[in-house]
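A, B, ... follow the sequence lines: proteins, then strands. Residue 1 opens every chain.
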There are 2 protein chains.
Amino acid sequence: MSQPNGNSRKTSSTLRQIADEAGVSISAVSKVLNGRGKSVRVSPSTAQHIRDVAIKLNYVPNVLAQSLRMSRTKTVGLVFENFGSISDGPEYYVHLLDGVASELFKRHYRLMILPEIDRQHPLASVGDGRMDGVIWCKMPPERATIDRLRSSPIPFVALHAPPPEAPTDTVFISCDNAGGARLAVDHLVGLGHRRMLFVLERHEETTPDAQARLGGFLEACTSHGIDVQDEDVVTWSREADEFAHWHRKRGDQTAIFAWNERIASSILRRAAEAKVSVPNDLSVVGFDSTPYCELTSPRLTAVRQPIRLMAGQAAHTLLDLIEGRPPSQYDQVFACTLDVRDSTGRPRGGRPSPQS
Amino acid sequence: MSQPNGNSRKTSSTLRQIADEAGVSISAVSKVLNGRGKSVRVSPSTAQHIRDVAIKLNYVPNVLAQSLRMSRTKTVGLVFENFGSISDGPEYYVHLLDGVASELFKRHYRLMILPEIDRQHPLASVGDGRMDGVIWCKMPPERATIDRLRSSPIPFVALHAPPPEAPTDTVFISCDNAGGARLAVDHLVGLGHRRMLFVLERHEETTPDAQARLGGFLEACTSHGIDVQDEDVVTWSREADEFAHWHRKRGDQTAIFAWNERIASSILRRAAEAKVSVPNDLSVVGFDSTPYCELTSPRLTAVRQPIRLMAGQAAHTLLDLIEGRPPSQYDQVFACTLDVRDSTGRPRGGRPSPQS
DNA sequence: GTGAAAGCGCTAACAC
DNA sequence: GTGTTAGCGCTTTCAC
């Protein structure tokens, strides 16, 4: 019987076939082949016989049936709305993926990628029995949706900052966004900058992480006695198309702090187009220091969050939850550091501040 | 009853619960809620009643049970051994992922990532009932393994060049590696280069794609009357640690053709370290033109393969196979083009060849 | 129109 | 030690 692609596909054999062939009961076969320790009371000889037959018949356990029966799938879902266009986004996501995957694989779980979720019925996509738990890269921030999620049959963790009204008994893994922003501002102020532009990204400006970075920026400025004006905080497109216009009528800002690496690199590109020399005429700092930042020109000074570690920790905590171990902590925050590269320097005519 | 993470988890309801609550049979509920057209002969009023109850009880079908029953999972597996360290590899893989994912999601299939496969028992990882089909990013090249795979209960496609002894009734999606290599050589020769180094990557040097690129390189050289010496083909580490040594005692090669973008960029870096000016002292061409090549310095001239398209086509063909439509073609080859950037130029003292 | 019943492939409690 | 049995949640044929 020829199959569509010309292969003769054998549907792999079942416990029943092996039992018949070996002349024993199905349960004997089950015990020998997939048995969990204790209940495996089968004589060595029959056991061997069963194993032989299983090999002969090319037996592969049907994981679907096992999962249904045991209500455990050894599979974790990753809700990752950017999938399908990861290459367009910040490199950050690739590291996130790596971090989640390597922890999962180490523990012999599989990874299932979930495309966009129906926000009205998040459970429909998540509670269908196929996964033991879920990691959210960008959880819907509305409290109502989160609450609906909390009555889900499976545990989940969010791999981002908690939104303002987040429940306290839900796991959030994030970096110290505010602290990271402070690092950047301190660095710039240390170089002598007294007025900076904070750039958010359209469609991302309300995410908890973006807001927390903005919060840190404002706070740090205040603590340096810098008065932030309304026009010092803007929301631009990912390509930073607004740069030229901003540059033409900019006030006395001498530095830009961009909420992520991707938009920061766009700004670098736009600056070059506008013949603005970085860091001589303008300093630029990004958030998310990745190998990518080594390749921009000039190399991008950026705040580093330990994303691979965080992603691994998210997976780790989720597996704990799945396996019945309560998390040591619900709100897990990782410290940031600053990678100073070549895109920041003293402002023209500025002088380093005393505390630098 | 408090759960590990403090949530009260409702295990979502089943057909049976809805049937009980609604006072109808399980099969009636099944027909109304998940029924496929024809067999849904239920009075409008009971149907509505059932739907109401289902909503009230927050019903979500158990896909595991459905899949087991129908032996269809609407899930495709991607065997991607690099997962967990994608960020270390060529950007190529990210585009591949995007291409596969977007096609799959468009057709409402899900993506399951499979980490390393047991080469002795490939079926164990692949034939366990969880997937309807599999895409291989790097299929084991041994004929024996492939043959074992061909008796798998589910169809598969390979997203790379066929190995020398590949069966002709298995789908391979690849780019015209030899043609791409020829493009690179033609370009270099056109600029005046008469002797080039071909760089393979350790652990990857025997893959069908690498071998095909090498083949194209040799062939193109021959067709230009260039005599390739043994020492003109080398295998280096991904970081191109061997560069300095090679440079010290190199013959009269004036250009390097690297088998992928990643190692090409390492070569660029090593050249800079060794104070070798690219393209003045040395021209460099890579394979896999991605946005990454825009960021190297100098920007990397590279052969472009339409990887996103190829990945989409792989997914597409696999879904055809799954849904019973035979593929129009087993060996699908996509043409390459050359993106000339700044890492190639005339050799010192060389002059463009007449055919350029 | 409706429901009883069989069974997808597997596990585990229980009886022998 | 070994086999029987009762499901996991679902679909579907077939009587009524």
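Between Arg110(A) and Asp132(A) there is no salt bridge, since no side-chain N of the basic residue sits under 4.0 Å from a carboxylate O of the acidic one.
Atom CZ in Arg72(B) sits roughly 16 Å away from atom C1' in dC10(D) (whole-Å rounding). Gln66(B) has its CD atom 13 Å from the C1' atom of dC8(C), to the nearest Å. To the nearest angstrom, P of dG9(D) lies 10 Å from CG of Leu64(B). Atom CZ in Arg41(B) sits roughly 15 Å away from atom P in dT12(D) (whole-Å rounding). The distance from atom CG of Leu57(A) to atom P of dG9(C) is 14 Å, rounded to the nearest whole Å. Rounded to whole Å, atom P of dT12(D) lies 12 Å from atom CG of Leu15(B). As a whole-Å value, the separation of Met70(B) CE from dA6(C) P is 21 Å. If you measure from atom CD1 of Ile50(A) to atom P of dG1(D), you get 14 Å, rounded to the nearest angstrom.
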Salt bridge (Lys or Arg N to Asp or Glu O under 4.0 Å) between Arg308(B) and Glu103(B), worked out: CA-CA 10 Å; Arg308(B) 221 176 182 295; Glu103(B) 178 69 18; over 6 Å; no
Evaluation steps, ring pair (Phe, Tyr, Trp, His ring centres under 6.0 Å), between Phe80(B) and Tyr93(B): CA-CA 9 Å; Phe80(B) 195 116; Tyr93(B) 282 115; 5.4 Å; yes
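For Ser30(B), a side-chain nitrogen or oxygen approaches OP1 or OP2 of dT11(D) to under 4.0 Å. The side chain of Asn34(B) places no N or O atom within less than 4.0 Å of a non-bridging phosphate oxygen (OP1 or OP2) of dC10(D).
For Pro44(B) and Arg16(A), each mapped to the nucleotide of DNA chain C holding its nearest heavy atom, the one lying further toward the 5' end belongs to Pro44(B).
Counted by atom type alone, Thr145(A) and Glu142(A) present one or more donor-acceptor pairs between their side chains at under 3.5 Å.
Here dT2(D) is the nucleotide among dC10(C), dT2(D), dG1(C) with the atom lying nearest to any side-chain atom of Thr46(A). Candidate nucleotides dT2(C), dG9(C), dT2(D) were compared by shortest atom distance to the side chain of Ser43(B), and dT2(C) ranks first. Residue Asn62(B) has its side chain nearest to dG9(D) when only dC10(C), dT11(D), dG9(D) are considered.
Within the model, atoms CH2 of Trp136(B) and CG of Leu318(B) stand 12.5 Å from one another, a figure rounded to the nearest 0.5 Å.
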Are any protein N/O atoms closer than 3.5 Å to N/O atoms in nucleotides 3-7 of chain D? If there are, list each pair with its distance.
residue, atom, partner, partner atom, Å
dG3(D), OP2, Ser25(A), N, 3.1
dG3(D), OP2, Ser25(A), OG, 3.4
dG3(D), N7, Ser27(A), OG, 3.1
dG3(D), O6, Lys31(A), NZ, 2.9
dT4(D), O4, Ser27(A), OG, 3.3
dG7(D), N2, Arg69(A), NE, 3.4
dG7(D), N2, Arg69(A), NH1, 2.8

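Each ring-ring contact (aromatic ring centres under 6.0 Å, His included) pair with one or both residues in residues 104-134 of chain A, not counting sequence neighbours, would appear here, but there are none.
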Residues 61-68 of chain A side chain polar contacts: donor-acceptor under 3.5 Å, at least two apart:
residue, atom, partner, partner atom, Å
Asn62(A), OD1, Leu64(A), N, 2.8
Asn62(A), OD1, Ala65(A), N, 3.0
Ser67(A), OG, Val63(A), O, 2.8
Ser67(A), OG, Arg72(A), O, 3.3

